[in-house]
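Okay, so here's the structure we're looking at.
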Amino acid sequence: MAIINAPRGTRDILPSESWKWAYIINMASQTMKDFGFSEVHLPIFEHTELFSRGVGETTDIVEKEMYTFNDRGGRSITLRPEATAGVVRATLENNLCVQGASAKLWSWGPMFRHERPQKGRYRQFYQIDAECLGIAGAGADVEIISLTIELFRRLGLKNLEVVINSVGCEKCRPVYRQKLIEYFEGHKDELCETCLTRLDRNPLRILDCKNESCGHVADNAPDIYDSLCDECREHFAEVRKGLERLGFSYRLNKRLVRGLDYYTKTAYEILSGDLGSQNAVAGGGRYDNLASSIGGPKVPGVGFACGVDRVMIVMEEQGCSFGKMPAVDVYVAALGDDSRGAVQVLTYELRKNNIAAECDTSGKSFKAQMKAVGSCKFACIIGTDEIANHSVSVKNLQDGLQETIAYDDVTEYIKSRV
RNA sequence: GUGAGUGUAGCGCAAUUGGUUAGAGCUUCGGAUUGUGGUUCCGGCGGUUGAGGGUUCAAGUCCCUUCACUCACCCCA
């Protein structure tokens, strides 16, 4: 019988990598704390409706990428394809944003999208996510963008590009949408097949199409900046001013249309050239209508998601540091079977004192145990002599010098030296 | 969902135009005067060549099917 393997698009994060993941998450945690964001843990599955209404019925995510199933009660459940909808749901449900209060929340964990896997794209992938809810002003947008940039700065990522745009609001976007439809109607024969269906469903997405012919048509399409209402125009100007004040450089891309319907006003992405085709390490924007689209009051929000898998790829590619790999400091070796019990006792004693210690439990010979010390700093050796003297032979594995230490002093001896 | 490429030991690889019993290296395990690691030396374990079928005297090698992985399209983190 063939061995069962992990489902397509999933993978195991093994010891050789997991400590690097911990480094990234710890860095995120510290950065979030410095920016005043509080961590939340949310469900990995939600009612399907949350995403179909929140993310948008016509988005690729909802149309073809969700892991949806009926649970035993007949409810339609979906493994979260993104984090924002869940955070907004939790904020409303727990009244974190009532009476003018705002909430700054962050989270991290797995997301699920049924796509064909490739470099930097998995069916189960991990995102670090931050959301600022209840603040309509551009200051919140700037804070979120600066948070993203600062996280990457701390992680040591280089050669990133910040791309921003404004996609308008419920007042001005319909106007722009109509202009686009009128324009593209006149160039139907030059559009690709998918763009023809986008024409009446989501014409903004045509701007984003990478098809050459569509690109040429889109080059001459009406400019969104000519259609922005005063409020959106001013908001966008303030975001840009804020970014410049903080000394960030960025690129404007009026064709940046993100694949999720809930974005209003600010949309941005952070791109890396070291990722291959999937070049976004983070993306986000403002979503002032999301709360009301899932049945809540109108609560403005802005946030971002960062792909941990992709950050990892870029960091490896650029040779970034992940800090020190965790290592055991002390190896306790038994010389002769009679001392195996004493070895386990001493090992536990060291561990109780927060000293990382290891001993053999598989019956290895003394020689084999000594071979296993690896990168330890000290070896503690217990044989019949040591048991008789109530002592331990402690060998410094860096200089090879060995001392005999009274058993009761060993923990202190090691503690002061690791 | 579409396209291309790749599947040989735990890992990364080799095997002439199809030709004996598929090989080294690393890892692992054991050993080198029976109480002392990293280096070195010696040895052992390890494979239904992804799976199934076909062509052939003969298939890791050629053909078909299938599965998996990778990259790309699409879309995005």
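Naming: A, B, ... by sequence-line order, numbering from 1 per chain.
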Which of these nucleotides, [options], is closest to any side-chain atom of [X]?
{"X": "A:Asn5", "options": "B:A68, B:G37, B:U36", "value": "B:A68"}
{"X": "A:Ser365", "options": "B:G37, B:G31, B:C73", "value": "B:G31"}
{"X": "A:Ser277", "options": "B:C73, B:C71, B:G30", "value": "B:C73"}
{"X": "A:Lys367", "options": "B:C73, B:A32, B:U36", "value": "B:A32"}

TODO: Report the residues that fulfil side-chain hydrogen bond (donor to acceptor under 3.5 Å, both in side chains) with A:Thr59, sequence neighbours left out, ordered by chain and then residue number.
DONE: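 Counting only residues at least two positions away or on another chain, A:Thr59 forms no side-chain hydrogen bond (donor to acceptor under 3.5 Å, both in side chains).
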- [ ] Please figure out whether A:His114 or A:Ile270 has its closest RNA chain B nucleotide nearer the 5' end.
- [x]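 Its nearest nucleotide lies further toward 5', so the answer is A:His114.
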Task: First encountered from the 5' end of RNA chain B, between A:Leu335 and A:Ile61 - done: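 So the residue in question is A:Leu335.
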Can you tell me if [X] touches the phosphate of [N], counting only side-chain N or O atoms and a distance under 4.0 Å to OP1 or OP2?
{"X": "A:Arg8", "N": "B:C69", "value": "yes"}
{"X": "A:Ser393", "N": "B:U36", "value": "no"}
{"X": "A:Gln118", "N": "B:C71", "value": "no"}

Open item on the list: Closer than 4.0 angstrom, basic N to acidic O: yes or no for A:Glu349 and A:Lys352?
Closed with: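 Yes, A:Glu349 and A:Lys352 are salt-bridged.
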TODO: Look through every strand shown and name the nucleotide pairing with B:G1 as Watson-Crick or G-U wobble, where both distances are under 3.5 Å.
DONE: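 Partner of B:G1: B:C73.
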Open item on the list: Suppose we define a pair by two distances each less than 3.5 Å, Watson-Crick or G-U wobble; what does B:G47 pair with here?
Closed with: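 Base partner found: none.
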Any N or O donor-acceptor pair under 3.5 Å from the base of [N] to the side chain of [X]?
{"X": "A:Glu65", "N": "B:G1", "value": "no"}
{"X": "A:Arg121", "N": "B:C71", "value": "no"}
{"X": "A:Gln402", "N": "B:U36", "value": "yes"}

Task: Ring-ring centroid check A:Tyr268 A:Tyr250, cutoff 6.0 Å - done: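 When the ring centroids of A:Tyr268 and A:Tyr250 are compared, they turn out to be at least 6.0 Å apart.
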Task: Side-chain donor/acceptor of A:Arg80 to backbone N/O of A:Pro110, under 3.5 Å - done: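 The answer is yes, because a donor-acceptor pair under 3.5 Å joins these two groups.
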